[in-house]
Amino acid sequence: MTASTPLTSLPSDRGGAPAAGTVLQGVPVVAGVQYGPVIRPGRLPALDDLAAAPELDEQDRPAEAARFTTAANVVATRLRDRAAHATGAASEVLAATATLAQDRAWLQAAEKLINAGTPAARAVVAAVDQFVDLFTQLGGLMAERVTDLRDIRDRVIAELSGLPEPGVPQPDVPSVLLAEDLAPADTAGLDPSLVIALATTLGGPTSHTAIIARQLGLPCVVAVAGLDTVGAATMVLVDGTRGTVTVSPDPVVASEAVADAKHAAELAAGWTGPGATADGHAVAVLANVQDGAAARSARETPAEGIGLFRTELCFLNRDTEPSIDEQAQIYGEVLEAFSGHKVVIRTLDAGSDKPLKFAGHPQEANPALGVRGIRIAEGNPGLLERQLDAIAAAADNTGNAPWVMAPMIATADEAKRFAAQVRLRGLTPGVMIEVPSAALLADRILEHVDFLSIGTNDLAQYTMAADRMSADLATLTDPWQPAVLALVAMTVRAGAAVGKPVGVCGEAAADPLLACVLAGLGVTSLSAAAAAVTGVGAKLSQVTLQQCHEAADAVLGTASAADARAAAMAALT
Ligand code: PEP
Ligand code: MG
């Protein structure tokens with residue numbers, strides 16, 4: 001999306017509607033199949049109408065500025081109220097949007113324009129556009145906030161214009177929500193009994209839409225090309241496993257697809273672990289967590305342990321480095337939640353889309369290719385050592401000794417230095433394989449460490465030279481890309497040759513079908529968001545190791561992500 005994206009995209013803007021049976025391809029985010037009529041979010045008056053409003057006379061400007069302040073406050077208060085009534089990720093997303101609605105920088109930019117004679121609605125558009133440009137240039141997490149900013153803009157304009165809040169209409173029958181992009185405030189308030197699936201033209205697998213869809217368990221596909229031409233009330237079949245939206249499908253075929261998916265979900269719900277194929281080949285199914293609370297809720301699932309504890313996520317809001325004691329207490333919570341079970345702690349993966357204030361990141365043109373992950377240790381003497389000391393203390397306090405791995409390893413030397421520091425503290429060292437150079441030299445890295453964990457999110461980003469945050473490039477960062485899977489295969493072979501475990505902890509492990517392919521490639525563990533654990537374990541329990549091998553062989557012979565998916569589907573269903 002560019003900063004010049006219009007405020008509205010009215011149905012009349014759309015080209016001809018696709019023919020019945022057209023299958024639109026996107027990126028699958030949440031598995032499940034649903035069929036229903038389309039609803040689309042409400043629209044505001046076109047930007048052109050706002051541009052036509054005359055300049056303000058001098059004496060009217062203070063009142064207009066006051067009207068703007070009131071409207072912005074009303075919007076922020078409503079968002080905060082909704083945050084208070086929501087739970088989990090939905091509540092956090094709404095609270096973050098409310099905070100952004102009251103951000104002094106954009107409010108002041110709008111006030112300045114009003115005081116210079118611009119009518120409030122037009123000033124809101126111009127002020128938000130300035131920040132959209134800025135956030136887009138900054139990229140990463142900041143670029144992800146662009147959708148939030150536009151949402152705030154639309155809400156404030158609706159308030160100023162005396163219109164109902166823009167957003168998702170309340171349907172009378174269970175419906176499928178299609179949109180260009182969904183504002184967090186829209187998705188967070190969804191009633192899953194009435195909105196049964198989501199699909200968007202924009203958005204990536206890590207967008208807010210995706211996060212909320214996962215929490216609500218709504219089948220979801222993002223980055224769907226051609227979706228804008230599908231109008232309200234059209235019947236569509238959303239397949240969150242294949243990543244497709246079928247326009248006006250045969251109703252009987254569509255209903256059968258929904259019933260089949262429901263049956264598969266029921267089977268999945270009955271799965272209690274441990275992870276193994278139907279013929280008993282063990283593959284540990286683990287959970288990814290970011291703090292003690294997440295670990296405790298992961299403990300409620302059949303997850304056999306923690307395959308990735310993203311420690312940097314504990315400290316995103318911290319200005320100063322937490323003390324060793326404080327860190328030890330936080331890590332200890334996760335170790336305690338999985339007492340007697342495997343826990344893999346990752347050292348700080350700061351930088352790029354996850355900057356930490358206390359890591360002193362340099363200004364960089366390309367932060368994803370800059371000083372991030374293990375590279376921050378170089379410029380921050382003692383930071384890694386103190387974290388390892390804290391992990392060792394947490395191990396002592398809880399009696400659960402974790403495995404410890406470093407992010408963003410690119411060379412065998414980095415692995416060697418890291419491993420020495422971890423062993424010094426009596427812990428088990430490993431590294432993440434997220435950079436193609438590390439996959440290519442996995443055998444030499446394994447001379448120093450005891451295990452590998454493949455981060456397919458970054459491995460896809462760096463293999464395909466495509467920003468994982470970019471919605472436009474979501475088909476390139478798809479972990480089904482055969483080039484990414486070839487590097488996974490290479491890494492797994494290196495582990496097998498020396499009898500050391502190789503797991504996968506990127507989003508690839510959360511996709512039940514791909515998880516079976518990974519098992520066929522030989523990975524020894526799969527670590528995914530807690531919500532994905534049951535689906536992954538259940539699918540694995542329904543296929544044989546032979547089927548997994550066949551699927552793995554088949555995907556390695558394909559030349560596109562779509563072909564890889566189709567080949568795996570043929571071998572595994
Ligand atoms: C990955 O890159 O796949 C990974 C698990 O790390 P993160 O998503 O935290 O970068
Ligand atoms: Mg990563």
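Start at 1 and go down the list; that is how both ligands and their atoms are numbered.
The pair Asp458-Arg372 counts as a salt bridge, with a side-chain nitrogen and a carboxylate oxygen less than 4.0 angstrom apart. A salt bridge is defined here as a Lys NZ or Arg NE, NH1 or NH2 lying under 4.0 Å from an Asp or Glu carboxylate O, and Lys354 with Asp349 meets this definition. Using a cut-off of 4.0 Å between Lys/Arg side-chain N and Asp/Glu carboxylate O, Glu333 and Arg296 are scored as salt-bridged.
Surrounding CD of Glu378 are at most 12 heavy atoms belonging to other residues, nucleotides or ligands under 6.0 Å away. Atom NZ of Lys416 has 12 or fewer neighbouring heavy atoms from other residues, nucleotides or ligands inside a 6.0 Å radius.
Of all the atoms in ligand 1, the ones that sit under 4.0 Å from a non-hydrogen atom of Leu308 are 5 (C). Near Met432, meaning under 4.0 Å from one of its heavy atoms, ligand 1 places the atoms 4 (C), 5 (C). Close approach of ligand 1 to Gly506 (heavy-atom distance below 4.0 Å) involves ligand atoms 3 (O), 5 (C). Counting the atoms of ligand 1 from 1 in the order shown, those under 4.0 Å from a heavy atom of Lys354 are 7 (P), 9 (O), 10 (O).
Metal site remark for the Mg ion (ligand 2): Glu434 contributes an N, O or S atom at a distance under 2.8 Å.
Closest to atom 9 (O) of ligand 1 among all protein heavy atoms lies Arg310 NE, 2.7 Å. Ranking protein heavy atoms by distance to atom 6 (O) of ligand 1, first place goes to Arg346 NH1, 3.0 Å. Summary of contacts: the protein heavy atom closest to atom 10 (O) of ligand 1 is Arg468 NH1, 2.8 Å.
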Go through the steps for Thr311 and Gln387 under the test side-chain hydrogen bond (donor to acceptor under 3.5 Å, both in side chains), then give the verdict.
CA-CA 10 Å; Thr311 55; Gln387 184 176 29; 3.0 Å; yes
Could you give me the CA-CA distance, side-chain angles and deciding distance for Leu521 and Leu556, then say whether side chain to side chain contact (heavy atoms under 4.5 Å, CB included) is met?
CA-CA 9 Å; Leu521 289 171; Leu556 290 178; 3.7 Å; yes
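Taking the centre and axis of the six-membered ring of Phe338, the NZ or CZ atom of Arg299 falls inside the cone set by 45° and 6.0 Å.
Minimum-distance N/O/S atom of Asp458 relative to the Mg ion (ligand 2): OD2.
Not a single N or O atom of Glu507, backbone or side chain, sits closer than 3.5 Å to an N or O atom of ligand 1.
For Asn288, no heavy-atom contact with ligand 1 is shorter than 4.0 Å. Contact annotation: for Asp349 versus ligand 1, heavy atoms closer than 4.0 Å belong to the side chain alone.
Inspection of the Asn288 and Ser527 side chains reveals an N or O donor paired with an N or O acceptor under 3.5 Å.
Comparing Gln461, Glu312, Glu434, Met408 by heavy-atom distance to atom 2 (O) of ligand 1, the nearest is Glu434.
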